[in-house]
Protein chains: 2
Amino acid sequence: MTATLRDEIRQRKPFRSIYEEAALNIVRTAALLSADFEQIFKPYGLTGTQYNVLRILRGADEAGLCRNDVRDRLLTRMPDATRLLDRMEKAGLLSRAREQEDRRLVTTRLTKKGRQLVDDLDPIVARQHRERLGHMSDKQLATLNSLLTQARHPE
Amino acid sequence: MTATLRDEIRQRKPFRSIYEEAALNIVRTAALLSADFEQIFKPYGLTGTQYNVLRILRGADEAGLCRNDVRDRLLTRMPDATRLLDRMEKAGLLSRAREQEDRRLVTTRLTKKGRQLVDDLDPIVARQHRERLGHMSDKQLATLNSLLTQARHPE
DNA sequence: TGACAGTAGGTGTTATGACACTTATTATCC
DNA sequence: GGATAATAAGTGTCATAACACCTACTGTCA
């Protein structure tokens, strides 16, 4: 057995390219952050996606949003937005109403309970963000944000 | 209605802090990268997680790994590693064997077919990484990697 | 004005993930 | 050396996600 092969077995070569290293780094970091937030939301019976829906609908306020608008604003692809909203409606967090002008549309709005919940979560979420990333300087975070934005927009 | 409130409704304030901006940026970028790879793996009947298992087991080579070791090396938390491996075993990608010395352990190894598949995917995966992040310089990617690593390790 | 495409929403079914619990085997400690 | 804890794996069950398909409504244009 050659030394090279032995090394290959003992410690698997972690990255093949700096691109791959970056991609894995991004995904791993996101997984860590997401897992933290899932834990935070669990006591409130929310998943991370559901919390995002609350945030999105709060942003739309009284005007509300139709299903596809909610879906398209989510961070992750969500092909089954209907039943996601079904569950949240059942939990009393949002209401849905068929539009009269265009009867294809169903507008979704936060209920008072939903609004209250997302408001209540604000300080908890903010604290978690600070705890997770507060050890980094503003300059570092700005650089990180700039690089990530660039990563998402190849031109 | 005050101007502030109107703005609030029209365009939801995207970030409350630079921490939050960074966190959302990371998660959003990861979602984009992951979705791309899911698409790449789909024609091969693989999910992203399954591909990661293939990579992990290739790294372990003949020695193989027990279930918990595989699980702990995955990028995302995976509480149901047994059935994940079940499916891959059924697909002929890996084999499992109860150890004789410690009969609690079941060692998992790639089959020839599994090894072949992950090897075949190497150039495709590498190309995808280049296409996604090739517009960024080595220096930028190195900075990004450094910042992400730092983000994951608060001290 | 009536066929037809396009759009919004929803449903049925299967696969996967999450969570609590169980079994089998080994290590520990009196 | 035997009770007990610890470790590894697996199972039962329910919730969620993914995918293809269906229905209702609107706009367009011959």
Side-chain angles (χ1 to χ4, degrees), chain A residues 31 34-54 57 60 63-91 93-109, chain B residues 31 34-54 57 60 63-91 93-109:
Chain A
S34 301
D36 285 349
F37 280 99
E38 295 287 347
Q39 290 308 310
I40 281 190
F41 299 139
K42 191 175 296 175
Y44 300 87
L46 286 179
T47 63
T49 305
Q50 289 177 339
Y51 173 73
N52 283 327
V53 171
L54 292 183
L57 287 178
L65 284 172
C66 73
R67 182 191 73 166
N68 287 352
D69 282 346
V70 173
R71 184 194 62 195
D72 295 345
R73 281 172 170 74
L74 282 170
L75 283 79
T76 56
R77 198 173 79 86
M78 180 66 209
D80 194 9
T82 297
R83 273 172 287 210
L84 172 63
L85 296 177
D86 282 350
R87 284 171 224 127
M88 296 179 70
E89 184 177 22
K90 203 171 163 189
L93 299 174
L94 51 84
S95 66
R96 283 190 284 190
R98 179 75 61 175
E99 286 303 308
Q100 289 312 312
E101 311 86 68
D102 185 342
R103 290 188 43 74
R104 290 172 300 183
L105 292 163
V106 173
T107 300
T108 305
R109 294 180 184 82
Chain B
S34 300
D36 285 349
F37 280 99
E38 295 285 348
Q39 290 308 309
I40 281 191
F41 298 139
K42 191 174 295 175
Y44 300 87
L46 286 178
T47 63
T49 305
Q50 288 176 340
Y51 173 74
N52 282 328
V53 171
L54 291 182
L57 288 177
L65 284 172
C66 74
R67 183 191 72 166
N68 287 352
D69 282 347
V70 173
R71 184 194 61 195
D72 295 344
R73 281 172 169 74
L74 282 170
L75 283 79
T76 55
R77 199 172 80 87
M78 179 66 208
D80 194 10
T82 297
R83 273 172 286 211
L84 172 63
L85 295 178
D86 283 350
R87 286 171 220 128
M88 296 180 70
E89 184 177 21
K90 203 170 165 190
L93 299 174
L94 52 83
S95 66
R96 284 189 284 189
R98 180 74 60 174
E99 286 302 308
Q100 289 312 311
E101 311 86 70
D102 185 341
R103 291 186 43 75
R104 289 173 300 183
L105 292 162
V106 172
T107 300
T108 305
R109 295 180 184 83

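To find a chain, count down the sequence lines: A is the first, B the second, and so on, and within it residues start at 1.
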Measuring from atom CG of B:D72 to atom CZ of B:R67, what distance do you get when rounded to the nearest 0.5 angstrom? 10.0 Å

Sorted by chain and residue number, the side chain to side chain contact (heavy atoms under 4.5 Å, CB included) partners of A:T47 (sequence neighbours excluded) come out as A:E38, A:T49, A:Q50

Contacts of B:D36 that satisfy salt bridge (Lys or Arg N to Asp or Glu O under 4.0 Å) - sequence neighbours left out: B:R132

If you walk 5' to 3' along DNA chain D, what is the first nucleotide with an atom under 4.0 Å of a heavy atom in chain A, and what is the last? D:dT16 to D:dT26

B:N52 side, atom CG; B:F37 side, atom CZ - distance, nearest 0.5 Å: 10.0 Å

Mind checking what makes side chain to side chain donor-acceptor pair (under 3.5 Å) contact with B:R83, not counting sequence neighbours? B:D80

Please lay out, stage by stage, how B:L54 and B:M88 fare under the test side-chain contact (heavy atoms from CB on, under 4.5 Å). CA-CA 9 Å; B:L54 291 182; B:M88 296 180 70; 3.6 Å; yes

Can you pull out the residues from residues 97-109 of chain A that lie within a 4.0 Å heavy-atom distance of DNA chain D? A:E101, A:D102, A:R103, A:R104

With side chains defined as the heavy atoms from C-beta onward, is the minimum distance between B:L93 and B:L46 less than 4.5 Å? yes

DNA chain C: B:G45 or A:Q39, which has the more 5' nearest nucleotide? B:G45

Base, sugar-phosphate, or nothing for B:R71, non-hydrogen atoms under 4.0 angstrom? nothing

Between which nucleotides of DNA chain C, read 5' to 3', does contact with chain B run, using atoms under 4.0 Å from its heavy atoms? C:dT16 to C:dT26

Under the salt bridge (Lys or Arg N to Asp or Glu O under 4.0 Å) test, residues paired with B:R87 that sit two or more places apart: none

Interatomic distance, OG@A:S95 vs CG@A:L85, rounded to 0.5 Å, equals 11.0 Å

Restricting to pairs with a member in residues 96-105 of chain A, which pass side-chain hydrogen bond (donor to acceptor under 3.5 Å, both in side chains), not counting sequence neighbours? A:D86-A:R96, A:E89-A:R96, A:E99-A:T107, A:D102-A:R104

Those residues that, when tested against B:L65, pass side chain to side chain contact (heavy atoms under 4.5 Å, CB included) (two or more places apart): B:I56, B:L57, B:A60, B:D69, B:V70, B:R73

For DNA chain C, just give me the dot-bracket, please: Watson-Crick or G-U, both distances below 3.5 Å, ( ) intra-strand, [ ] crossing earlier pairs, | paired with another strand, . unpaired. ||||||||||||||||||||||||||||||

Just jot down the side chain to side chain donor-acceptor pair (under 3.5 Å) partners of A:R109, sequence neighbours excluded, or say none. none

Where along residues 74-89 of chain A does a heavy atom fall under 4.0 Å from DNA chain C? A:T82, A:R83

